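What follows is a single structure, written as structure tokens, with notes after it.
Just so you know, ligand 1 is whichever comes first in the structure, and atom 1 is the first atom listed for that ligand. Not measured: the values here are computed from a predicted model.
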Amino acid sequence: MISVIIPVYNEERNIAPLFERLSPILRSVEKVERGYEVIFIDDGSRDGTAQEIEKLRKKDRNVGLLSFKRNYGKSAAMQAGFDEARGETLITMDGDLQDIPEEIPKFLAALKDKDADMVVGWRYYREDKATKRLASRIFNSLSGFITGLRIHDANCGFKALRKEVAKNLEVYGEMHRYLPALAYIKGYKVSEIKIRH
Ligand code: UDP
Ligand code: MG
């Protein structure tokens, strides 16, 4: 079974369009993966995010919602998702459609083909501003230098990981940015795949 973990903060307009694309993909991989669940973590949104997710829950029993009373940040939301996930394989993705659901089968294939414990997306062509791209390059070369894990896009929110890795990580603060490094330091095999952004 796969668990898709999506932290969301004020994403009311994105929930329905995201799920419309996500659900056929999950239904197509479901036969191989024996079921799926989508866990939204509403990180204290002040818009209609929770209501949008509730609408999905009425239509699809595989949708789950965890709600924070206030905004705790993406790491805390991610951790709540990790604690709750029941799948053997976890997918983490952003809720603003910058991560394209159609790439999920590629992640699942890469976990198997590369015999990896975690597969990280590499947005080789980024739809972000130049300043953000530069900050990201500095971040990646610095964290590569410190940890020894040489990947291009360590901060990419789109990832696949085995349940065991998620259950062995504890993230808070801004640590969601360091998931690949943390997994690598614990001895897990981390790979990357090129994805569209
Ligand atoms: N997010 C969250 N809590 C926060 C900030 C963001 O759960 O305090 C969610 C957000 O809704 C999105 C994902 O984390 O689904 C990535 O956030 P954002 O798009 O702001 O990050 P960026 O793409 O700029 O790295
Ligand atoms: Mg974003």
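The six-membered or imidazole ring of Phe158 lies near that of Phe107, with a centre-to-centre distance under 6.0 Å. Outside the 6.0 Å centre-distance limit, the rings of Tyr9 and Phe68 are not counted as a close aromatic pair.
Residue-ligand proximity, Gly95 to ligand 1, at heavy-atom distances under 4.0 Å covers atoms 12 (C), 15 (O). Listed by number with element, the atoms of ligand 1 under 4.0 Å from a non-hydrogen atom of Asn71 are 3 (N), 4 (C), 8 (O).
Follow the hydrophobic side-chain contacts under 4.5 Å out from Leu169 and you never reach Ile6; the two are in separate clusters. Put simply, Trp122 and Ile193 are part of two different groups of oily side chains (I, L, V, M, F, W, Y) that touch within less than 4.5 Å, one to the next. No chain of hydrophobic side-chain contacts below 4.5 Å, direct or via other Ile, Leu, Val, Met, Phe, Trp or Tyr residues, connects Met1 to Val165.
Ring orientation note: the planes of Phe19 and Phe40 are tilted relative to one another, at an angle of 30° to 60°.
Counting only heavy atoms of the protein, atom 21 (O) of ligand 1 lies nearest to Asp94 OD2, 4.5 Å. When only non-hydrogen protein atoms are considered, atom 14 (O) of ligand 1 lies nearest to Lys74 CD, 3.4 Å. From the protein, the heavy atom lying nearest to atom 11 (O) of ligand 1 is Glu11 OE2, 2.6 Å. In terms of protein heavy atoms, atom 1 (N) of ligand 1 is closest to Tyr9 CB, 3.8 Å. Remark: minimum distance from atom 18 (P) of ligand 1 to any protein heavy atom is reached at Asp96 OD2, 4.2 Å. Nearest protein heavy-atom neighbour of atom 3 (N) of ligand 1: Asp43 OD2, 2.6 Å. Counting protein heavy atoms only, atom 23 (O) of ligand 1 is closest to Gln98 OE1, 2.7 Å.
The Mg ion (ligand 2) lies at the vertex of an angle of 110° between the OD2 atom of Asp96 and the OE1 atom of Gln98 (rounded to 10°).
For the pair Arg123 and Asp153, the salt-bridge criterion is met [side-chain N within less than 4.0 Å of a carboxylate O]. Between Glu164 and Lys167, no side-chain nitrogen of the basic residue sits less than 4.0 Å from a carboxylate oxygen of the acidic one, so the salt-bridge criterion is not met.
Taking a distance limit of 4.0 Å, we find that atom 8 (O) of ligand 1 is approached by some protein heavy atom.
Using a 4.0 Å heavy-atom cutoff, Lys132 is listed among the residues neighbouring ligand 1. The closest approach between Gly73 and ligand 1 falls below 4.0 Å for a heavy atom of the residue.
In this structure, CD on Gln51 lies 11.0 Å from CD1 on Ile15, to the nearest 0.5 angstrom.
The shortest N or O to N or O distance between Pro7 and ligand 1 is under 3.5 Å.
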